Amino acid sequence: MNTKKLLLRSSIVLYFVIAFEVLIMISPFAGFFYSAFNPVLLKLAAQPSTRWLSAFYLPHMIQPQDGFLQVVRVMGSVLFVCGMVVFLVCAAQIYTAKFTKRGAVLGGLYAHVRHPQYLALGIAGLGLSILWPRFLTIVLWLIMTIVYYFLAKDEERRMLNAHEATYRSYMNKTGMFLPLSLERLLLPSSPLKKAALMAGFAVVVLGGAFLLRAYTISTLTMWNGTENVAAIAILPEDGFKMEHRMADILALPRVKERLQNGKQYLAYFLPQNYIMQGMIADTGGDWKLYKQHHTIAMITDWVFHPFRHLREGHHAMPGGMHMQHQRNAGMQDDAIKRLIFLSLEDVEVKKPADLFSINALRVPQFMVDVDVHTLGLLDIKELSHGSGWGTVPTPVF
């Protein structure tokens, strides 16, 4: 039984390690984490049957202009924060009871459900799966919810052995994870029906994630003006500039000479100081977030200001660093944009959605800084074939 409990609890730890990947990747510990975790991601990405696990199903780098996706993203923060608050409140109840030797905790949230801590962790985990929407994270969240169920059953078995009369009476008045009346209404009693419900729940969650991915792609601010070059705007309001200037930018001699006939390209149209550009390509050390010393500020912005940190890094790069970077790059003029060009391989692009195919390989090629008003080319730079995190699979939208 000890081995079983160790495996169950280890699976929960594994989920939270991977779910907190987004926190780790902007911390100084990113290199240590990815030295162990990236081989797993690369192995998954190398196999056609598991490649989808390393992909993302909601926008993470791009500010959604769709109201529904904005609500989903905000709900991710709400669920995560609320879940953690409830978990900590329940933990305080339990440890207070232990220190004061008052016995089992049956008040507060425990008066309504028997395992509010597991419920809270499940809610927080769902929020994390929205905040860092890699398919692997939502799959592990599904596994975690099943693990919680068996952990709860094991705890109840032990409580019945130790305090049968008291605990059985408590069980008759409370639900396992939901209030008793709601649980009786929603959850079947037979083991076979419970297994079918779990399977159906998994299908709905994973199917919903794939539908969200397709919906996300359909709402992206895109430009498809040539046969072999498409562009995507990071900020929705840049769509107008992109629509009216993209063809002229591609016609600039130093840009045109780098675009090979027969190759398909995806260009990211973004502010020059966009904070998350390192996920697209290695554009320089300033945009390798794990090398900065503002991890806490970036994490709080990511959780509590779901879209502010996407807007040119004004808040996620605090004070002095941001202003110095802005002065050095001359970015007071919003007309200056950075375009990062990636080539697409292993996919035939017949429709816009193919640009974001899970099976497509996107290879950074070069970037340009351009004044979209004057079409002045400020800088052009060849890029290495990896992101700011090397070979780590990163979001594409």
Side-chain angles (χ1 to χ4, degrees), residues 21-22 25-26 41 45 51-76 129-138 208-224 229-239 242-243 246 264-271 274-281 283 287 289 302 306-313 316 337-347 349 351-365 367 386-389 392-397:
E21 177 193 354
V22 66
M25 76 183 300
I26 59 177
L41 283 178
R51 191 170 294 152
W52 61 279
L53 288 168
S54 63
F56 288 73
Y57 62 91
L58 281 170
H60 185 71
M61 294 191 307
I62 291 172
Q63 179 175 329
Q65 65 178 2
D66 179 78
F68 170 70
L69 291 177
Q70 290 177 4
V71 170
V72 170
R73 175 58 183 82
V74 171
M75 284 305 301
S129 300
I130 294 172
L131 295 178
W132 188 237
R134 202 189 282 280
F135 276 105
L136 178 60
T137 308
I138 196 68
F210 276 99
L211 287 175
L212 283 172
R213 189 175 198 277
Y215 183 76
T216 295
I217 292 171
S218 73
T219 65
L220 297 175
T221 304
M222 298 290 300
W223 177 85
N224 295 282
V229 180
I232 177 172
I234 293 290
L235 302 179
E237 63 265 30
D238 280 343
M242 181 176 67
E243 184 70 29
M246 196 66 200
Q264 182 72 44
Y265 294 90
L266 175 64
Y268 285 83
F269 191 96
L270 49 113
Y274 170 59
I275 190 172
M276 295 172 71
Q277 60 186 272
M279 287 188 174
I280 303 169
T283 59
W287 312 113
L289 302 184
W302 170 69
F307 309 113
R308 190 173 72 176
H309 72 285
L310 298 176
R311 308 194 66 83
E312 302 184 301
K337 298 299 176 183
R338 174 164 289 175
L339 281 79
I340 302 175
F341 287 83
L342 285 68
S343 66
L344 274 78
E345 302 175 11
D346 298 338
V347 65
V349 179
K351 57 185 184 298
D354 294 335
L355 296 163
F356 305 97
S357 169
I358 289 173
N359 293 317
L361 179 65
R362 299 166 193 85
V363 183
Q365 299 296 322
M367 73 176 208
S387 71
W389 283 261
V392 177
T394 55
V396 294
F397 45 67

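A quick note: this is a predicted structure, and the numbers were derived from the prediction, not measured. The basis for the numbers below is simple: all heavy atoms, side chains too, and nothing from hydrogens, waters or symmetry mates.
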**Student:** To the nearest 0.5 angstrom, please state how far the CD atom of Glu243 sits from the CG atom of Asp238.
**Tutor:** 13.0 Å
**Student:** Look at the rings of Tyr57 and Phe135 and say which category their plane angle falls in: under 30° parallel, 30 to 60° tilted, over 60° perpendicular.
**Tutor:** tilted
**Student:** Could you check if a side-chain atom of Pro395 sits within less than 4.5 angstrom of a side-chain atom of Ile62, using non-hydrogen atoms only?
**Tutor:** no
**Student:** Would you say that Leu339 contacts Met246 through its side chain, given a criterion of any heavy-atom pair below 4.5 Å between the two side chains?
**Tutor:** yes
**Student:** I'd like to know if the side chain of Arg362 and the backbone of Ile280 have a donor-acceptor N/O pair within less than 3.5 Å.
**Tutor:** no
**Student:** Minimum heavy-atom separation for Pro393 and Phe56, please, with both atom names.
**Tutor:** O-CE1, 4.4 Å
**Student:** Using 30° and 60° as the class boundaries, would you call the ring planes of Trp52 and Phe210 parallel, tilted or perpendicular?
**Tutor:** tilted
**Student:** Any chance you could measure Ser218, atom OG, to Leu69, atom CG, to the nearest 0.5 Å?
**Tutor:** 8.0 Å
**Student:** What heavy-atom pair brings Ile234 and Met61 nearest, and what distance separates the two atoms?
**Tutor:** CG2-O, 3.9 Å
**Student:** Would you name the heavy atoms of Pro64 and Gln70 that are closest together and state the gap between them?
**Tutor:** O-NE2, 2.7 Å
**Student:** Got Phe356 and Leu266 here, is their nearest side-chain heavy-atom distance under 4.5 Å?
**Tutor:** yes
**Student:** Say you draw a straight line from CG of Asn359 to CZ of Arg51; how long is it, rounded to the nearest 0.5 Å?
**Tutor:** 5.0 Å
**Student:** Check Thr221 against Met242 and note the closest heavy-atom contact, atom names and distance.
**Tutor:** O-CE, 3.5 Å
**Student:** Quick one, Arg73 with Leu131, criterion side chain to side chain contact (heavy atoms under 4.5 Å, CB included). Give me CA distance, side-chain angles, the key distance, then yes/no.
**Tutor:** CA-CA 7 Å; Arg73 175 58 183 82; Leu131 295 178; 2.9 Å; yes
**Student:** Would you check if the distance from the ring center of Phe68 to the ring center of Tyr215 is below 6.0 Å?
**Tutor:** yes
**Student:** Is there a side-chain contact between Arg213 and Ile358, using heavy atoms and a 4.5 Å cut-off?
**Tutor:** yes
**Student:** Given Leu355 and Val349, is the side chain to side chain contact (heavy atoms under 4.5 Å, CB included) satisfied, shown in steps?
**Tutor:** CA-CA 6 Å; Leu355 296 163; Val349 179; 4.0 Å; yes
**Student:** Quick check against the 3.5 Å criterion: does Thr137 have a side-chain atom that pairs as donor or acceptor with the backbone of Pro133?
**Tutor:** no
**Student:** Report yes if the side chains of Leu58 and Thr216 come closer than 4.5 Å at any heavy-atom pair, otherwise no.
**Tutor:** yes
**Student:** Grab the two heavy atoms, one from Val392 and one from Trp389, that are nearest each other, plus how far apart they are.
**Tutor:** CG2-O, 3.1 Å
**Student:** Assess the residue pair Arg134 and His60 against the criterion (side chain to side chain contact (heavy atoms under 4.5 Å, CB included)); give the C-alpha distance rounded to whole Å, side-chain angles, the decisive distance to 0.1 Å, and a yes or no.
**Tutor:** CA-CA 10 Å; Arg134 202 189 282 280; His60 185 71; over 6 Å; no
**Student:** Once rounded to the nearest 0.5 Å, what's the spacing between atom CD1 of Ile340 and atom OH of Tyr274?
**Tutor:** 9.5 Å
**Student:** Can you see which heavy atom on Leu344 is nearest to which on Asp354, and at what distance?
**Tutor:** CD2-O, 4.3 Å
**Student:** So do Val396 and Tyr268 actually touch side chain to side chain, heavy atoms under 4.5 Å?
**Tutor:** yes
**Student:** I need the Ser357 OG to Lys351 NZ distance, nearest 0.5 Å.
**Tutor:** 8.5 Å
**Student:** What distance do Phe397 atom CZ and Ile232 atom CD1 have between them, rounded to the nearest 0.5 Å?
**Tutor:** 8.5 Å
